[in-house]
Amino acid sequence: MFDFALTPEMSKEFFNYQEELLNKVVSSIKKYFSENCETIVKGFACMNGNFSGYMYRK
């Protein structure tokens with residue numbers, strides 16, 4: 001219906017932007033899981049019925 005044509009320079013900038021955006025998303029996901037890994041693992045353990053670990057950690 002609509003043709004969308006990019007010049008080579010525009011397409012290079014577009015792909016660079018997508019790459020930067022993807023890198024930011026991946027790094028934020030890594031940061032989230034590294035900061036909350038203990039809570040996530042305990043949540044999975046509780047879902048499976050395993051209540052091992054320190055329950056009252058300060």
If I take atom CZ from residue F33 and atom OG from residue S28, how far apart are they, to the nearest 0.5 angstrom?
10.5 Å
State plainly whether one hydrophobic cluster holds both Y32 and I29, where clusters connect Ile, Leu, Val, Met, Phe, Trp and Tyr through side-chain heavy atoms under 4.5 angstrom apart.
yes
Rounded to the nearest 0.5 Å, how far does OG of S27 lie from CG of L22?
9.5 Å
Check this for me, if you would: do K42 and E38 make a salt bridge, where the nitrogen-to-carboxylate-oxygen distance has to be below 4.0 angstrom?
yes
Looking at S11 and P8, what are the two nearest heavy atoms and their distance?
OG-O, 2.9 Å
I want to check something: taking the side chain as every heavy atom from C-beta on, are E20 and N23 in contact at a cut-off of under 4.5 Å?
no
What is the distance from atom CG of N36 to atom NZ of K31, rounded to the nearest 0.5 Å?
10.5 Å
